[in-house]
Structures are given as structure tokens and as C-alpha cells.
J.: 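The following block contains the structure, expressed as C-alpha cells.
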Amino acid sequence: MALIIYNTLSRKKEQFEPLEPGKVKFYVCGVTVYDFNHLGHARTYIVYDTVRRYLKSCGYDVTYIQNFTDIDDKILNRAKRDGTSMAVVAQTYIDAYYEDMAKLNILPADEYPRATETIPEITDFIQQLEAGGYAYPANGDVYYSVRRFPDYGKLSGKRLADLEAGASERVNETELNRKKDPFDFALWKAAKPEEPAWDSPWGAGRPGWHIECSAMLRSRLGETVDIHAGGEDLQFPHHENEIAQSEAVTGKPLARYWMHNGFLNVLDKEGKVEKMSKSLGNFTTLRELFKTYPPMALRMLVLKTHYRNPIGFTLDLLDSALAIWRDLEEVLQLGSWLEAIGQPLEGQMLFDPWIADFQNAMDDDFNTPEALVPVIMLYKQLGSRYHEVVHGKTLAEPEQFAHEWRTLVYLCDILGLKAEAPIVREVALLEPDIQVQIALRQQARDNRDWAEADRIRRQLLEKGIVLIDHKHEPTTWRFE
RNA sequence: GGCGGCAUAGCCAAGUGGUAAGGCAAGGGUCUGCAAAACCCUCAUCCCCCAGUUCGAAUCUGGGUGCCGCCUCCA
């Protein structure tokens, strides 16, 4: 089986073949750092983290680059509002980004280039465009001349003629006057008073959004990357413009495969979409969510839907994902449990049908909902054993168990599903007291004093300890 | 108006020509003093509608309806 990826450029599933055998250059458009990350960001980066992990598991040497846009009107507005500088706002939310993504078990990028640290490359890029006749200055701004690039629209399937119909009153008037054509976009923006600015051949100013990515990508990964990815909203105009800029200069394809993930929309009580656009003032931050849900529940939710389909986010959906995650996490924690009680798992992972099913699903354009099936089958199968172990029984067929458990851990690692460390250390401290309580309750039960027995059970439950009665064996317990 | 996508059970969601994966929820059962946990069982004669192609379609074609995204900053 070979990996197949849906390429936005061709609108078809294509066999994946990197430019250089064994190596994958992967560029993902990062966030503009002017606020905390919301659920939608989480989806995008969970998706590409999973793609990256899978590529690695296939043996590819993956270089993963993700930028930060740290120059932007929205950041400036935020700085103004908070009475601080653009640099401070940017750094604040970059730090927050790292924190949130770490909780989702998203691997750090190999590098996080920032626009403000790439100015020389950007101005250099613009000069090359100018030299090639693709860019022209106008009152301190520099614009890209869209009509000079014949392939413009090839990614998004838009033609300039179609766009013309949509050209509306929404265009900024000052810009319109400077542009030769309404579809031209800014490569460089002349400095405005009291705003951060960098020197350039066209005077002080700052780069436009699209050129940042073209320059950062080229500086880190060269002229052509294997995979260029981002949210579906970036398809047009952002990625279209990146292609126009980069390919005009290099004459080579910017990316071999373009991947775009569907949106995660929060649904309101009537089930209507409330897009998480911050300009509409509606978004749910990750840190808010993580106060009440484990981050892995969100990761599970994202994995449960194919990455190109939209997700209508509701709390019910999250609860459903959480239910799966809770069971799965218990089983994943088993290794630690066994170690804690002196029965460490011996045995290796073996290649077996579970892995084949998983790989077939992932090979088909990263079909994670399908790939989750063997994972769920495995943990269901292992789950009953988990309870035997936690209830103090000796594990039967430990080698077979170990092999399956390691397979599960391996698959979960590719999906980025990571269990919290189980609370086992406190057991030694609690154990004697709990045994006393269990004995007292057993006495009550023997006396058919159900009220007292239930009182003790309830009391322990308040401490998070659940009792499990058995028919012929003493009562055992576990954490809630 | 232009471009694109989607429509599968109460909910979520795979499946793209051979007779409907999986999950959540729900119901029933075993067990229990009662619970909890665990385990077992059940849960779409049918895939938005109509027409067509085919021995055969949820899957292909045409038409229709509904929802969504992009066309403006957005993951």
C-alpha cells in the first residue's frame, strides 16, 4: 500500500512521492498572534501534527516548518487596546500558542520563523519580483501585478474574470487608487505614523501578509516543498498569492501537494454555525476548554472526522469523544499500573492485522476515522484485562497481552493520543486506610446493615475511591 | 452573481459498483443486598428526492431540493 494524498491543486487523490526520496519538506501556515488560540486552530494543527507523525512512522525524514505572523493590523490594534507594543502582544500569544499546542500533544515544529525576523529575505524577494516585472511601487507601497502571472487562480479554481463579478465596494479606497488593478495585492505597505516599520528600498514600511510566507518558506525549505498546508480558508487568496509570488520568481512549483483542512465551527443551541472568526467576536479559546475537558478529548474529536470535512462542534460531540478517550486512556495507562504493582510488561510489539488496517486507512488520504477502528477494537479487547489487573488479579497470557498493548501504544503515538501518567504513587499511602474501611463495610454487610455499608461506600466515593464488590472474593477498589 | 464542497440510524461518522464499519446514546440480560464496574445481546431491508445506466448503485450519469465554505482579515 502506498500513501495517497488529496491534492487541492489537482482536486484529486494522488500517490505521494516526495521530491527527494525519503525526505519530506512540510510547510504549514501558522497563526497570526494577536489572541489566544481557539478550537479551530487546534483542529488545523492536530491534523497536520498527525500527518507529520504518520509520515515519520512511514520512515520519512520530515522537516516541519510553521511560521508566526507577527506583523499585522490586528496585532497593532491589540497593542493599542492593551497599551503595549506589537512585539509584546506577539510574544505573549506565541508563548500561549506553545502552551496550548503542547497540551494537545502537538510536536513542536522544527523551526518557527517569524515575519519580523525575515525582513531581509522578504525585501529581497520583493526586489526579485520587481526585477521580473511582477511588482510595482506606488507611494511607498509595493503591489503584485496579478495579471502578469498567467496561472493566477490555478489553486482555487478562480478566474480573474469570475473574481471581477465579486469585486465589490469592500475594497479599501486608498489602496484602490494606488493599485493598477483591483486584484493586485500588497507586498509592502508604507509605514504609517507611530507604527513599527523597517527600512526598505521603497522607504520605511512593513511586509504584506502573503509575501511573508513565500519568503519564510523559501529561506527554510528552498524553492519547492513537498507539502504545503493550512486551513481551507487560506486557499484563496493566501495560497494563491503565495504561488503567484514564488513561482514567478523561481519558475518552479511552490509545492507538490497542497492540503487544506475543513473548518471546525462552533454550533449554537439551534445547531446553527457560528463561525469562529474573531472579527465576529465569537470564539472559544483552548485554555477555556481545557479548564473542564482533557485536551486529548478534543484531539479525539478531531480525529473522529476526516480532515477535509467540516466539524460542527457541540458539547455533546465533545462528550462523545471524551467517553472514548477515557476508556482508551485507562488501557494506555496499564503499562504504568503493571509496573507499579511489580508486573511489568515483557514483550515486543509485533506487526499484525491491526497495524495493517491502521496503515491502509491512513494511506488513504489520512482517513483517521477509519484508522481509529483498529485502535478501538484493540482497547476494547484489552479493556477487560485492564480491569482484571487493576482489581488485583494476575494477568493471564502476559506475552500476548504485552504484544497487543504495545501495538495499541504504537498506534496511539502516531495519532498523538497520549495518556496522563496514572495516579499510582498515592496508593501505598491510601491502601491501609482503605482496607480498614472495606473491612468495616464488610462487617456491616454481613450484619445486613445496608445503610451503614452504603454510608461507608459513599464516604469513600467522595474521596474519589470506587468500591467493586465481587462474588467470591474480597471487595477491591479503584480511583474514580 | 461566480467557484467549490456536503447530504448515510436519536447523535457523530466510515464506506465511491456486489448487497450498510465503528463510536456515543438507548434498550435488554448476566452479576449485585442495592449499586458501580465489567461482560453478553439488540439497535438503518436501507443510504435527501426523481429519472437513467447496469445482472447489480448509498456508490456512476442527468435533474431537483436542502445545508455549508470561499470570492474581504481568518486555521
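All heavy atoms count here, side chains included; hydrogens, waters and symmetry mates do not. Lettering follows sequence order; numbering is per chain, from 1.
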J.: Once you round it to whole Å, what is the distance between C1' of B:C6 and CG of A:N265?
T.: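 To the nearest whole Å, that distance equals 13 Å.
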J.: For the residue pair A:T8 and A:Q235, confirm or rule out a side-chain donor-acceptor distance under 3.5 Å.
T.: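 No donor-acceptor contact under 3.5 Å links the two side chains.
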J.: Can you list, in residue-number order, the parts of residues 96-104 of chain A that come under 4.0 Å of RNA chain B, counting heavy atoms only?
T.: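 Of all residues in residues 96-104 of chain A, none places a heavy atom under 4.0 Å from RNA chain B.
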J.: Nearest to the side chain of A:K304, heavy atoms from C-beta on, is which of B:G22, B:A75, B:G15?
T.: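 Closest nucleotide to the A:K304 side chain: B:G22.
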J.: Checking all strands, does A:D73 fall into the base, sugar-phosphate, or nothing category for heavy-atom contacts under 4.0 angstrom?
T.: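 A:D73: no heavy atom of the nucleic acid under 4.0 Å.
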J.: How many Å lie between NE2 on A:H306 and P on B:A13, as a whole number?
T.: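 One finds 13 Å between P of B:A13 and NE2 of A:H306, rounded.
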J.: With hydrogens left out and only the distance checked, is there a donor-acceptor pair under 3.5 Å joining A:D454's side chain and the base of B:G33?
T.: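 Counting by modelled atom types and ignoring angles, a donor-acceptor contact under 3.5 Å is found here.
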J.: Nearest-Å distance, CD (A:Q235) to C1' (B:G4)?
T.: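 In whole Å, B:G4 C1' lies 8 Å from A:Q235 CD.
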J.: Consider the side chain of A:P237, meaning its heavy atoms from C-beta on, and name the nucleotide among B:G15, B:C73, B:C12 that approaches it most closely.
T.: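 Per side-chain heavy atoms of A:P237, the pick is B:C73.
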J.: Can you find a donor-acceptor pair, distance only, under 3.5 Å between A:R159 side chain and B:G4 base?
T.: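 Side chain to base: no pair below 3.5 Å.
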J.: Looking at B:G23, B:G4, B:C70, which one has an atom nearest to any side-chain atom of A:K158?
T.: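 Among the listed nucleotides, the one closest to the side chain of A:K158 is B:C70.
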J.: Using OP1 and OP2 only, check whether a side-chain N or O of A:N309 sits under 4.0 Å from B:C12.
T.: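 No, outside the criterion.
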J.: Assuming nearest nucleotide by heavy-atom distance, tell me which of A:G231 and A:Y379 is located more 5' along RNA chain B.
T.: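 Its nucleotide being nearer the 5' end, the pick is A:Y379.
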J.: What contact category does A:V373 fall into here, base, sugar-phosphate, or nothing, at under 4.0 angstrom with non-hydrogen atoms?
T.: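 It contacts base atoms.
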J.: Stacking here means centres under 5.5 Å and planes under 30°; does A:F263 stack on B:A75?
T.: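 A:F263 vs B:A75: stacking yes.
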J.: Answer with yes or no whether the side chains of A:R114 and A:Q91 bring together a donor and an acceptor at under 3.5 Å.
T.: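 Looking only at side-chain atoms, A:R114 and A:Q91 do form a donor-acceptor pair, the distance falling under 3.5 Å.
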J.: Under 4.0 Å, heavy atoms only, any strand: does A:L301 hit a base, just the sugar-phosphate, or nothing?
T.: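 Here A:L301 touches no strand at all.
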J.: Taking the side chain of A:L264 as its heavy atoms from C-beta onward, which of B:C24, B:A75, B:G22 lies nearest to it?
T.: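 It is B:A75.
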J.: Give me the distances for all protein-to-nucleotides 29-32 of chain B N/O pairs that come in under 3.5 Å?
T.:
| unit_1 | atom_1 | unit_2 | atom_2 | d |
| --- | --- | --- | --- | --- |
| B:U32 | OP1 | A:K471 | NZ | 2.9 |

J.: So what does A:G312 hit on the nucleic acid, given a heavy-atom distance under 4.0 Å: a base, only sugar-phosphate, or nothing?
T.: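 It contacts nothing in the nucleic acid.
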J.: Using the C1' atom as the reference point in each nucleotide, state the distance between B:A20 and B:A57 in Å, no decimals.
T.: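 Nearest-Å result for B:A20 against B:A57 at atom C1': 12 Å.
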J.: Under 3.5 Å, side chain of A:E240 to main-chain N/O of A:L155, donor-acceptor pair present?
T.: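 Pair found, side chain donor or acceptor close to backbone of A:L155.
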J.: Does any part of the side chain of A:D449, heavy atoms only, come nearer than 4.5 Å to the side chain of A:Q443, both counted from C-beta?
T.: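 A:Q443 vs A:D449: side chains apart.
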J.: Considering only atom P, compute the distance from B:U30 to B:C34 and round it to an integer number of Å.
T.: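 Result for the P pair: 11 Å, nearest Å.
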J.: Using the P atom on both, measure B:A44 against B:G23 and round to a whole Å.
T.: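 Result for the P pair: 14 Å, nearest Å.
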J.: Kindly say whether the aromatic ring centers of A:Y307 and A:Y6 come within a distance under 6.0 Å.
T.: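 Ring-ring flag for A:Y307/A:Y6: false, centres at least 6.0 Å apart.
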J.: Decide yes or no, distance alone: a donor-acceptor N/O pair under 3.5 angstrom between the base of B:A36 and the side-chain of A:R457.
T.: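 Absent.
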J.: Relative to A:F236, does A:K158 satisfy both conditions: NZ or CZ under 6.0 angstrom from the six-membered ring centre, and within 45 degrees of the ring's axis?
T.: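 Relative to the ring axis of A:F236, which defines the angle, A:K158 lies inside both limits.
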J.: Counting only N and O atoms by type, is there a donor-acceptor contact under 3.5 Å from the side chain of A:K25 to the main-chain atoms of A:L221?
T.: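 Yes, A:K25 side chain to A:L221 backbone: donor-acceptor pair under 3.5 Å.
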J.: Measure CZ/A:F313 against P/B:C68 and give the value in whole Å, please.
T.: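 After rounding, the reported distance stands at 20 Å.
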J.: Please determine whether any donor N or O and acceptor N or O are separated by less than 3.5 Å between the side chain of A:R308 and the base of B:C6.
T.: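 Checked by distance alone, the answer is no.
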J.: For nucleotides B:G10 and B:G17, find the distance between their C1' atoms and express it as a whole number of Å.
T.: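 Between the two C1' atoms, the distance is 31 Å.
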J.: Assess A:R52 against A:Y64: is NZ or CZ under 6.0 Å from the centre of the six-membered ring, and within 45 degrees of the ring's axis?
T.: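 Geometry flag: set, cation within 6.0 Å and 45°.
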J.: Take A:D70 and A:Y93 through the test side-chain hydrogen bond (donor to acceptor under 3.5 Å, both in side chains) and record every step on the way to the result.
T.: CA-CA 10 Å; A:D70 59 350; A:Y93 295 114; over 6 Å; no
J.: Rounded to whole angstrom, note down the C1' distance from B:C6 over to B:C48.
T.: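 Comparing C1' positions in B:C6 and B:C48 gives a spacing of 12 Å.
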J.: Could you write out RNA chain B as a dot-bracket string, with dots for unpaired bases, | for bases paired across to another strand, and Watson-Crick or G-U pairs counted at under 3.5 Å?
T.: (((((((..(((.....[...))).(((((.......))))).....(((((..]....))))))))))))....
J.: To the side chain of A:I324, which of B:G69, B:G23, B:A75 is closest?
T.: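 Comparing B:G69, B:G23, B:A75 against the side chain of A:I324, the answer is B:G23.
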J.: What contact category does A:H238 fall into here, base, sugar-phosphate, or nothing, at under 4.0 angstrom with non-hydrogen atoms?
T.: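 Result for A:H238 = nothing.
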J.: Which whole-number value in Å describes the distance from A:Y6 OH to B:U16 C1'?
T.: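 Distance check: A:Y6 OH to B:U16 C1' gives 14 Å.
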J.: Between B:U8 and B:A13, how far apart are the C1' atoms? Round to whole Å, please.
T.: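 Their C1' atoms lie roughly 9 Å apart.
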J.: Is the CZ atom of A:R11 crowded by more than 12 outside heavy atoms at less than 6.0 Å?
T.: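 Enclosed: over 12 neighbouring heavy atoms sit under 6.0 Å from CZ of A:R11.
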J.: Check every atom of B:G23, B:A75, B:G15 against the side chain of A:Y45 and return the nucleotide holding the closest atom.
T.: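 Output: B:A75.
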J.: Between B:A7 and B:G28, how far apart are the two P atoms, rounded to whole Å?
T.: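 After rounding to an integer number of Å, I get 34 Å for this pair.
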J.: Quickly work out the A:I4 CD1 to B:G15 P distance and round it to whole Å.
T.: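 It is 13 Å, rounded to the nearest whole Å.
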J.: Using a 4.0 Å heavy-atom cut-off, does A:K13 contact any base of the nucleic acid, only the sugar-phosphate backbone, or nothing at all?
T.: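 If one applies the 4.0 Å heavy-atom cut-off, A:K13 turns out to touch nothing in the nucleic acid.
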J.: Between C1' on B:A75 and CG on A:L234, what's the gap in Å once rounded to a whole number?
T.: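 For the pair A:L234 CG and B:A75 C1', the rounded distance is 7 Å.
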J.: Please check if the side chain of A:E329 supplies one atom and the backbone of A:E420 the other of a donor-acceptor pair under 3.5 Å.
T.: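 At least one qualifying donor-acceptor pair exists.
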J.: Which whole number of Å gives the distance between the C1' atom of B:C60 and that of B:U16?
T.: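 Comparing C1' positions in B:C60 and B:U16 gives a spacing of 9 Å.
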J.: Mark this stacking check for A:W450 against B:G33 as yes or no, applying ring centres under 5.5 Å and ring planes under 30°.
T.: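 Answer is yes, a stack.
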J.: Verify the distance criterion only: is there a donor paired with an acceptor across the side chains of A:Q442 and A:D446 at less than 3.5 Å?
T.: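 Yes - a donor-acceptor pair under 3.5 Å links their side chains.
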J.: Among the candidates B:G22, B:C70, B:A75, find the nucleotide nearest to the side-chain atoms of A:M377.
T.: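 Of B:G22, B:C70, B:A75, B:G22 is nearest to the side chain of A:M377.
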J.: Return the nearest nucleotide to the side chain of A:D233; candidates are B:C24, B:C71, B:A75.
T.: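 From the listed options, B:A75 comes nearest.
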J.: Roughly how many Å is it from NE2 in A:H260 to C1' in B:C70, rounded to a whole number?
T.: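 For the pair A:H260 NE2 and B:C70 C1', the rounded distance is 11 Å.
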J.: If the plane angle is over 60° it's perpendicular, under 30° parallel, otherwise tilted; pick one for A:F16 and A:Y257.
T.: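 Judged by the thresholds at 30° and 60°, the geometry between A:F16 and A:Y257 is tilted.
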J.: Hey, are A:N261 and A:Y48 close enough side-chain-wise for a donor-acceptor pair under 3.5 Å?
T.: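 On atom types as modelled, these side chains qualify, holding a pair under 3.5 Å.
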J.: Do A:Y45 and A:Y97 have ring centroids that are under 6.0 Å from one another?
T.: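 Between A:Y45 and A:Y97, which both carry aromatic rings, the centre distance is below 6.0 Å.
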J.: Any side-chain to backbone donor/acceptor pair from A:D184 onto A:V146? Under 3.5 Å, distance only.
T.: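 Side chain of A:D184 to backbone of A:V146, a donor-acceptor pair under 3.5 Å: yes, one is there.
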J.: Tell me which of A:I311 and A:T44 sits closer to the 5' end of RNA chain B, going by the nucleotide each one is nearest to.
T.: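 Between the two, 5'-proximity favours A:I311.
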J.: Need one value for A:R455: base, sugar-phosphate or nothing, where a base atom within 4.0 Å counts as base even if backbone is also close, heavy atoms only.
T.: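 Nothing: the residue A:R455, judged by heavy atoms under 4.0 Å, touches no strand.
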